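Report on the following structure.
Residues: numbered from 1 along the sequence shown. Counting starts at 1 for both ligands and their atoms, in listed order. Everything numeric in this text was worked out from a predicted model, so none of it was measured.
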Amino acid sequence: MRWGAGSVSGDMTRTAVLALLARRGPLSRAQIAERLELSPATITASTRRLLTEGLLVEEDPRPSVAGRPSIPLALVPASAHAIGIQVAGEHVSGVIARLDAQVVHGFRRDFDPAAPDAIRTLTTLIRAEVDEAERDRLPISGVGVAVPGIVEPETGTLRMSVRLGWTGTPLAARLRKALGVPVFVDNDISAITAAERLYGPGADDADFLLVAIGQGIGLGMVLDGAPYRGAAGAAGEFGHLPILPDGPLCVCGNRGCLETQVSTEALLRDARAAGILTAESGLADLDAAAARDDQQAVSLLNRAGELLGRALAGAINLLGPQTVVVMGEITALWLHLSEPFHHALAMHLLPAGRETRIDVRAWDEELIAASAARIVLGAPLAAPRQKG
Ligand SMILES: [Zn+2]
């Protein structure tokens, strides 16, 4: 398994072994080596360390066809935990996840990223979770923080976030210093993509795309087994694909980006301008309008589905993935977007792209925070582990 630098914290073999066991349950060393396409010697060395740390246990030997009984290795789910944080435009949400990736605690707080002391507020908020975990005697491996914006993978510095209004913020370094535990900061879509590659159904695909559509549109790419992030961590800005000459102004400063037409924000803006929705109504009302055959709503969603299908056909023709995962708040409207979307895809895909599987997933509000936790679960524990 190849992996780009900085995509997950720490030693990749360690992370991959832990994620595989979380996904598949107990496996022998030989099975782990085979599934991860790594040498038996590498797996033996890596699992020896994990056994010593108490993160794995050997189960009773099982008879094997090869003759020698095989010894399954299993995770010790409560032996490590990670805190995952999503910093969004108006709130911060978080989870605490166990080593087997199960979420054991979730929270959500209002947050104003424009406030002068926003980073101090964020630190205090995370500190409270770390303290609570320590009070509950949960061994914490680290904190993963997912932000909307461009993050330098090696340093966890947020280069720019239009949605948060933050520029050149050394977020990982500041949080690490204040919290005294390992902190890993990544772009929100990159975090979901890395977590999907390790823990999700996409773990078995060496080439997949993940399109997340909400207020903005992001694209995660796993190519030849490794997340692709571009030269400066800025790849995947699918929302800023130019599609309309002289279209509406985008948050990026340009005009006519895909995001100005297909994001949930764009759909709500257009539906309000057309009088389909009032200022107070939201996506559920747009869904209801299309369901009762309001022609304006139907045609708005037809157009969005068609534009998305066309844009995605371009990305599939370019990159040739096995699977494309579509997720985000927009999937609440999928009943109405699906047909024009698939029609546009069929029109524009080259023959080789027609085998690509499209996997549309219902949106999970906790996914970004849970993904942020998953990318640090394999990190070596922050504090010395207590014995017996
Ligand atoms: Zn743009």
### Query
Is it true that E58 and R29 make a salt bridge, defined as a side-chain N closer than 4.0 Å to a carboxylate O?
yes

### Query
Going by the ring-ring contact (aromatic ring centres under 6.0 Å, His included) test, which pairs reach into residues 320-339, not counting sequence neighbours?
W334-F341

### Message
Between the side chains of E34 and R24, is the shortest nitrogen-to-carboxylate-oxygen separation below 4.0 Å, so that they form an ion pair?
### Response
no

### Query
How many protein atoms of type N/O/S are positioned less than 2.8 Å from the Zn ion (ligand 1)?
4

### Message
Looking at D188 and R163, is there a salt bridge between them, counting it only when a charged N and a carboxylate O are closer than 4.0 Å?
### Response
no

### Query
Can you check whether M327's main-chain N or O pairs, donor with acceptor, with T331's side chain at less than 3.5 Å?
no

### Message
Do H81 and H105 have side chains that approach each other closer than 4.5 Å (heavy atoms only, starting at C-beta)?
### Response
no

